[in-house]
Amino acid sequence: MNAEPSGKPQNFIREIIENSVAGGASVHTRFPPEPNGHLHIGHAKAMCIDFGFAKEFGGKCNLRFDDTNPAKEDMEYVEAIQRDVRWLGFDWDDRLFFASDYFERMFELAVELIRKGKAYVCDQTPEEIREYRGSLTEPGRKSPFRNRSIEENLDLFERMRTGEFEDGSKTLRAKIDMTAPNLNLRDPVMYRIVRFDHYRLGDSWRVYPTYDWAHGIEDSIEGITFSLCDLDFENHRPLYDWFLSELDIHHPRQIEFARLNLSYTVMSKRKLMSLVESGMVSDWDDPRMPTLSGLRRRGVPPEAIRSFCETIGVTKVNSLSDIALFEHCVRDVLNKTAPRVMAVIDPLKVVIVNYPEDAADDELDAVNNPEDPSAGTRKVPFSKTLYIERSDFMIDPPKKFFRLGPGREVRLRYAYFIRCVDYVQNEEGEVVELRCEYDPETRGGNAPDGRKVKATLHWVSAEHAIDAEVRLYDRLFLKERPDAPGDDSDFREYLNPDSFKALCGCKLEPSLKNADPDITYQFERLGYFRPDCVDHSSESPVFNRTISLRDSWAKAKGKT
RNA sequence: UGCCCGGUGGUGUAAUGGCAGCACGAGUGGUUCUGGCCCAUUUAGUCAAGGUUCGAGUCCUUGCCGGGCAGCCA
């Protein structure tokens with residue numbers, strides 16, 4: 001495989017940049033979110049591209065809030081977005097910018113365009129503009145206001161700015177070509193009257209620039225060389241280019257790539273918002289959400305998100321990435337880094353009948369991370385009464401079930417071999433207690449006589465255990481593409497009713513008393529878990545399941 | 001029936017006219033004090049038809065299929 005020196009697979013944007021850099025170009029990109037919602041994993045892809053290429057080529061990447069629509073934007077989002085960008089691992093140094101800081105300059109440039117006879121004030125209503133625009137197959141017609149004098153345009157535009165006219169009563173439009181096959185070139189609106197206070201600038205403006213007019217200027221002012229954006233803006237590139245060349249100012253190159261789609265979730269801000277507003281999830285940071293705040297709360301390490309973005313590549317193909325690939329990236333990082341601990345989430349009491357009542361403290365050495373010897377070991381207390389996982393015992397085990405059953409012997413991890421000699425059921429027939437014998441010779445987990453067991457179980461000493469709530473999360477939707485085009489049903493019909501399940505009375509090994517809220521742990525044989533950033537405390541621990549371990553037993557069981 | 005973009009295993013991608021690779025998933029086997037990890041192995045692909053060429057996934061033509069575009073959203 002032909003890999004770049006960086007070790008990254010080639011893609012079309014890197015190729016373009018490489019060629020430009022070979023010709024002496026520098027690399028300066030920007031990540032330009034609108035502060036009207038929270039960042040999600042789709043934005044993470046964009047950030048990996050924007051910040052990633054800048055870093056790779058020794059350039060810079062700005063963080064710029066594209067806040068040209070006061071009706072939707074808020075400071076709350078500005079702060080949340082910065083927090084998320086930092087968390088993901090990107091740094092904009094001192095290059096934090098706001099489109100709204102360029103409003104004055106944009107206005108001057110608009111005046112310049114009017115003076116050139118390339119922009120005019122139009123009195124058409126939104127309906128008229130739409131009607132005059134024509135259709136996909138028919139050319140548009142010129143606005144009756146298209147030939148106003150430059151003086152009149154200048155006067156009107158100035159008065160629009162100061163709030164003399166009603167919202168929507170006038171616009172400033174670029175004079176391009178009403179018959180252009182690309183609809184974006186049919187005299188697009190550059191300014192609209194919106195007498196709405198801006199979250200940063202208050203009431204100083206009564207006209208606001210549209211994206212098409214503003215974005216290229218923002219890029220130009222900042223000296224951006226590559227303006228990377230998603231495919232939605234492909235049809236807008238001719239307009240981006242038209243404005244910049246008419247203005248004759250620094251002209252970045254816009255390159256579009258396909259945005260991320262992930263199976264079993266939705267990505268649009270509108271849809272995520274509707275999940276929040278309908279109460280189907282608790283908030284933007286619900287651990288099931290594909291938002292960065294949700295993933296963080298879930299326990300996903302930022303490194304996993306970055307490696308996922310690296311793995312899916314950069315193309316112009318509209319694709320649907322398999323969430324299984326994302327899950328793989330999460331497990332891959334966590335497997336190498338997560339400290340191992342033992343926790344029983346569905347406890348079944350076990351009494352070691354031949355274990356002395358008055359035994360001295362019995363502490364065993366447990367490995368913190370078999371993938372990382374430097375993580376060391378810890379002590380885990382053993383005692384006469386323990387808990388094991390309910391699913392690790394069966395009265396009548398099927399053929400390939402290796403765990404505990406009547407008369408069977410298994411190993412308790414890092415502790416002893418135990419054999420089940422009896423079990424106790426309640427009136428409902430539910431097993432409520434196991435009675436086992438241990439072999440003192442197997443202390444530490446190995447038999448001196450060399451005999452083997454087929455299973456190793458995790459366990460927690462009852463008297464030492466910490467009680468905890470454990471929250472199990474799963475994919476938010478049952479359907480691969482909940483919002484597939486052509487499907488008229490509401491995407492929310494496909495919500496996975498089992499995507500969240502809270503378990504109480506779970507038993508944790510005592511070392512978790514001091515669980516670090518910023519660490520995702522592996523509960524051995526179960527999965528990865530992180531203290532909930534909102535509800536967890538050392539007095540009443542709450543852990544969120546980030547992701548389960550791969551489970552070939554569950555898979556085999558499911559097949560029968 | 002206008003304009004723009006795109007079609008490589010189930011999924012995501014690489015191959016820049018020269019052996020179609022990689023990762024995920026799925027299957028099988030091995031190993032194992034986590035039914036995890038790891039290792040080995042199997043499965044499976046260039047939308048179609050022409051053309052250029054010694055040679056085409058790659059270049060050209062036509063067709064087919066998919067996506068986007070008619071906000072005073074971004």
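As the structure is a computational prediction, the values presented were derived from the model and not from experiment. Here is the naming used below: chain letters follow the sequence lines, and residue numbers restart at 1 for every chain.
- Considering only side-chain N and O atoms, A/R403 lies nowhere under 4.0 angstrom from the phosphate OP1 or OP2 of B/G35.
- Of the C1' atoms belonging to B/U41 and B/G25, the separation is 16 Å, rounded to the nearest Å.
- For the C1' atoms, the distance linking B/A40 with B/U46 amounts to 28 Å, nearest Å.
- Going from the C1' atom of B/A49 to that of B/G57 covers 16 Å, rounded to whole Å.
- Residue A/P139 is out of contact with every strand shown, counting any heavy-atom pair closer than 4.0 Å.
- Here A/E15 lies in heavy-atom contact (under 4.0 Å) with a base.
- Of the N and O atoms on the side chains of A/Y211 and A/N69, not one donor lies less than 3.5 Å from an acceptor on the other residue.
- One P atom belongs to B/A48, the other to B/U58, and the distance between them is 10 Å to the nearest Å.
- B/A56 and B/C47: their P atoms are spaced 15 Å apart (whole Å).
- Dashed line: the shortest gap from a side-chain N or O of A/T456 to OP1 or OP2 of B/U32 is not under 4.0 Å.
- Dashed line: the shortest gap from a side-chain N or O of A/R237 to OP1 or OP2 of B/C4 is not under 4.0 Å.
- The phosphate of B/A26 has OP1 or OP2 within less than 4.0 Å of a side-chain N or O from A/K555.
- Put simply, A/T315 has no side-chain N or O that comes within less than 4.0 Å of OP1 or OP2 on B/G6.
- To the nearest whole angstrom, the two C1' atoms, one in B/G55 and one in B/U62, are 23 Å apart.
- Among the atoms of the strands shown, only primed sugar atoms or phosphate atoms (P, OP1, OP2) are found under 4.0 Å from some heavy atom of A/N318.
- For the pair A/R550 and B/A26, the criterion of a side-chain N or O lying under 4.0 Å from OP1 or OP2 is met.
- At the heavy-atom level, A/K400 lies under 4.0 Å from base atoms of the strands shown.
- Counting atom types as modelled, A/E234 pairs no side-chain N or O with a base atom of B/G6 as donor and acceptor under 3.5 Å.
- Distance alone, capped at 3.5 Å, is enough to place a donor-acceptor pair between the A/R206 side chain and the A/F196 backbone.
- Within the nucleic acid shown, A/Y132 has no heavy atom closer than 4.0 Å to any nucleic acid atom.
- A/R340 comes within 4.0 angstrom of a nucleotide base, judged by non-hydrogen atoms across all strands.
- Taking atom P in both B/A74 and B/G67, one finds a spacing of 27 Å when rounded to whole Å.
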(message) For nucleotides 69-74 of chain B, give me one character per nucleotide, 5' to 3': B if any protein heavy atom sits under 4.0 Å from the base, S if the only such contacts are to the sugar-phosphate, - if neither.
(response) BBSBSB
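- If you take atom P in B/U16 and the same atom in B/G21, they sit 14 Å apart, rounded to whole Å.
- Using a 4.0 Å heavy-atom criterion, one finds that A/E256 contacts no nucleic acid atom at all.
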